[in-house]
Amino acid sequence: MHRVDPSLSRIPVPSEELAALPDGTAVELHGMVQRIRRLSWGAFVVLRRHDGLVQCVVPAEAAGDAMSRLREEQSVLFRGTLRKAGIKDVSIRLRTAELQVEGVEFLCTPDEPPSVDLTKKVLELNLDTSLDLRPVSLRHPVERARLRIADALCHGFRQYLRSAGFTEIHTPKICFAGAEGGANIFKVQYFDRQAFLAQSPQFYKQMAVAFFERVFETGPVFRAEPHQTSRHINEYTSLDLEMGFIGGFADIMATETALLASMMEHLRGACSYEIDLLGARLPAVPPSIPAVTLAEAHSIAGAASGRDYSAEPDLEPEEERLVCEHASREWESEFVFVTHFPTSKRPFYTMDDPDNPGTTLGFDLLFRGLEVTTGGQRIHEYGMQVEKLKSFGLDPADFDSYLMAHRAGLPPHGGLAIGLERLTARILDIENIRLATMFPRDAKRLTP
RNA sequence: GGUCCGGUAGUUCAAUGGUUAGAGCACCGGCCUGUCACGUCGGAAGUUGCGGGUUCGAGUCCCGUCCGGACCGCCA
């Protein structure tokens with residue numbers, strides 16, 4: 001037996017701390033070689049570290065044959081001293097100092113040069129190429145910065161909800177039945193039975209309301225729909241929450257408003273480098289996000305386009321854009337809630353509005369022309385839920401384990417789900433949400 | 001699933017139906033150089049997605065097929 005050496009648990013020094021070190025401090029930096037500019041006396045080597053790029057000065061005499069062995073995408077360990085510098089390149093994170101290298105250790109040299117030019121300021125790849133080459137293309141500073149934004153949003157989501165009395169849960173992704181119904185569910189072989197991939201943590205988070213009152217989850221959900229658009233993928237990250245003891249569905253919208261404000265504040269603080277690099281324009285979350293009914297949304301969109309949408313049971317993508325433009329112009333909000341979708345268009349667990357029969361206490365949140373959230377108040381009474389299942393043509397017996405929670409009593413509750421990739425894409429003004437996804441899954445893409 | 005658009009070098013793109021299909025970046029070699037999208041000279045790099053057809057001649061026109069994209073349906 002031997003014990004693990006605890007001193008091996010080293011944390012890479014953040015760039016902010018490097019920037020604060022006095023001139024001449026001896027440091028060791030590891031990383032991968034992002035780009036090399038060879039000069040007569042040596043080379044400038046831009047090192048890709050965990051949190052950003054740093055410029056290193058490698059004199060020819062620094063380490064024997066190091067100059068001739070240097071390659072892009074090598075893993076290296078540089079020993080040297082920090083020196084003040086004024087670096088113009090905004091893709092470099094540490095701009096006030098550089099590493100004067102005195103010793104080089106090569107940890108790994110790639111077998112082939114990268115298949116795309118990672119030294120460019122912007123990786124100008126076709127979407128398909130970028131996705132095919134994901135293990136390489138994501139090494140580019142701009143490409144990986146998008147995922148860092150998504151990470152910060154996720155972190156902000158967790159941080160706010162934990163501070164607001166929510167418990168993080170982890171629900172199964174292999175399920176007996178789907179929450180949303182319909183044919184858009186992936187079947188999987190589960191030993192000798194058929195199971196399904198979760199379309200949503202809906203059932204489980206509702207059950208959890210009875211024991212944790214407020215819960216959230218960040219995890220994958222799966223939709224087997226053959227859609228082929230810039231805003232759909234078949235596996236996406238759902239930022240879910242569910243909360244009990246609500247006074248009405250407006251409580252949920254109010255919670256999302258505070259949540260989004262907190263997430264943006266966190267993002268601004270955690271990702272200033274990435275925000276600058278990507279030229280991201282963070283939205284201001286108003287103290288109160290405007291809300292319109294579906295009927296009002298149709299009327300706003302109709303006035304803008306001259307078309308009549310009033311018979312549509314749902315919002316068309318064009319309407320989402322028009323309503324957002326209207327909200328931005330007239331109400332100074334890039335966010336807008338749309339409420340009261342028809343009963344037939346919302347899942348069976350959605351509560352109907354007793355004051356407006358045929359419509360639901362559900363909402364969508366539109367942001368910069370795209371639906372980024374769906375939420376609503378759920379049915380908490382057993383009898384009401386059984387009746388609605390039947391009216392949807394479903395057999396309550398198929399939902400016995402779900403209805404067990406209703407029979408045992410549930411507080412009035414509701415919740416929502418934010419599409420992480422969609423939110424990220426709209427914040428960054430990315431055309432296709434696949435670029436806000438590390439390894440997107442769609443009808444035509446299963447690798448990498 | 002429907003409609004429309006596209007597929008040329010590793011990559012991003014050019015190329016009236018008419019010489020040997022070109023350019024930038026990357027790559028390889030030389031020169032220069034505290035660079036920062038470094039500069040400069042040269043080199044290598046192609047089954048024009050695939051199959052058929054029209055034509056004296058097809059990257060280009062036609063048909064089929066494969067792959068991809070946008071929009072729609074559906075949804076976050």
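Letters A, B, ... mirror the listed sequences (proteins, then strands); counts begin at 1.
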From [atom1] of [X] over to [atom2] of [N], roughly how many Å is that when rounded to an integer?
| X | N | atom1 | atom2 | answer |
| --- | --- | --- | --- | --- |
| A:E112 | B:rC28 | CD | P | 13 Å |
| A:R35 | B:rC25 | CZ | P | 16 Å |
| A:L239 | B:rA76 | CG | P | 13 Å |
| A:N234 | B:rC74 | CG | C1' | 11 Å |
| A:H140 | B:rU12 | NE2 | P | 14 Å |
| A:R93 | B:rC36 | CZ | C1' | 19 Å |
| A:L416 | B:rA76 | CG | C1' | 11 Å |
| A:R38 | B:rG29 | CZ | C1' | 13 Å |

Report the base-pairing partner of [N] (Watson-Crick or G-U wobble, both distances below 3.5 angstrom), or none.
| N | answer |
| --- | --- |
| B:rG6 | B:rC67 |
| B:rU54 | none |
| B:rG22 | B:rC13 |

If only side-chain N and O atoms of [X] are considered, is one of them under 4.0 Å from the OP1 or OP2 phosphate oxygen of [N]?
| X | N | value |
| --- | --- | --- |
| A:T373 | B:rA76 | no |
| A:W41 | B:rG34 | yes |
| A:N126 | B:rC13 | yes |

Would you mind classifying the nucleic acid contact of [X] as base, sugar-phosphate or nothing, using non-hydrogen atoms under 4.0 angstrom?
| X | value |
| --- | --- |
| A:E98 | base |
| A:E225 | base |
| A:G86 | base |
| A:E320 | base |
| A:L125 | sugar-phosphate |
| A:I233 | base |
| A:K121 | sugar-phosphate |
| A:S91 | nothing |
| A:D117 | sugar-phosphate |
| A:Q55 | base |
| A:S40 | base |

Start at the 5' end of RNA chain B and walk down; is the nucleotide closest to A:P113 or to A:I87 reached first?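 Result: A:P113.
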Relative to the 5' end of RNA chain B, which residue comes earlier, A:I92 or A:E371, by the nucleotide with the nearest heavy atom?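 This one resolves to A:I92.
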Taking atom [atom1] in both [N] and [M], compute the distance separating them and give it to the nearest angstrom.
| N | M | atom1 | answer |
| --- | --- | --- | --- |
| B:rG24 | B:rC74 | C1' | 42 Å |
| B:rG59 | B:rA15 | P | 15 Å |
| B:rG10 | B:rU19 | C1' | 28 Å |
| B:rA58 | B:rG18 | P | 11 Å |
| B:rG49 | B:rG1 | C1' | 24 Å |
| B:rC62 | B:rU16 | P | 16 Å |
| B:rG17 | B:rA37 | C1' | 39 Å |
| B:rG68 | B:rU8 | C1' | 15 Å |

Donor-acceptor pair between [X] and [Y] side chains, under 3.5 angstrom:
| X | Y | answer |
| --- | --- | --- |
| A:R35 | A:S91 | yes |
| A:E217 | A:Y204 | no |
| A:E421 | A:T437 | no |

Tell me whether [X] is salt-bridged to [Y], with the criterion being a basic N under 4.0 Å from an acidic carboxylate O.
| X | Y | answer |
| --- | --- | --- |
| A:R93 | A:E16 | yes |
| A:E318 | A:R321 | yes |
| A:R148 | A:E274 | yes |

What's the closest nucleotide to the side chain of [X] if the choices are [options]?
| X | options | answer |
| --- | --- | --- |
| A:K345 | B:rU11, B:rC75, B:rA26 | B:rC75 |
| A:R223 | B:rG34, B:rC75, B:rC25 | B:rC75 |
| A:K88 | B:rC27, B:rG34, B:rC36 | B:rC36 |

With the stacking rule set at 5.5 Å and 30°, tell me whether A:Y236 counts as stacking on B:rA76.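 It does: the ring sits over the base of B:rA76.
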Worked verdict on A:Q159 versus A:H266 for side chain to side chain donor-acceptor pair (under 3.5 Å): CA-CA 9 Å; A:Q159 192 174 64; A:H266 175 76; 3.2 Å; yes
Do we get A:R378 above A:Y349's six-membered ring, with its NZ or CZ under 6.0 Å from the centre and within 45° of the axis?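 Output no; distance or angle outside limits.
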Under the 3.5 Å rule, do the base of B:rC75 and the side chain of A:R422 count as making a donor-acceptor pair?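 By the distance-only test, yes, there is a pair.
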Ring centroids only, cut at 6.0 angstrom: are A:F196 and A:F222 within range, meaning strictly under it?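 Between A:F196 and A:F222, the centre distance exceeds or equals 6.0 Å.
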What about the rings of A:H340 and A:F249, do their centers lie closer together than 6.0 Å?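 Judged by ring-centre distance (under 6.0 Å), A:H340 and A:F249 do meet the cut-off.
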For nucleotides 68-71 of chain B, print each protein N/O atom paired with a nucleotide N/O atom at under 3.5 Å, atom names and distance only.
{"residue": "B:rG68", "atom": "OP1", "partner": "A:K444", "partner atom": "O", "Å": "3.3"}
{"residue": "B:rG69", "atom": "OP2", "partner": "A:Q228", "partner atom": "NE2", "Å": "2.8"}
{"residue": "B:rA70", "atom": "OP1", "partner": "A:N432", "partner atom": "ND2", "Å": "2.3"}
{"residue": "B:rC71", "atom": "OP1", "partner": "A:S230", "partner atom": "OG", "Å": "3.0"}
{"residue": "B:rC71", "atom": "OP2", "partner": "A:S230", "partner atom": "N", "Å": "3.0"}
{"residue": "B:rC71", "atom": "OP2", "partner": "A:S230", "partner atom": "OG", "Å": "3.0"}
{"residue": "B:rC71", "atom": "N4", "partner": "A:Q228", "partner atom": "O", "Å": "3.1"}

Which residue, A:E316, A:R307, A:E319, A:E312, forms the side chain to side chain donor-acceptor pair (under 3.5 Å) with A:H298?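 Between A:H298 and the candidates, side chain to side chain donor-acceptor pair (under 3.5 Å) is satisfied uniquely by A:E319.
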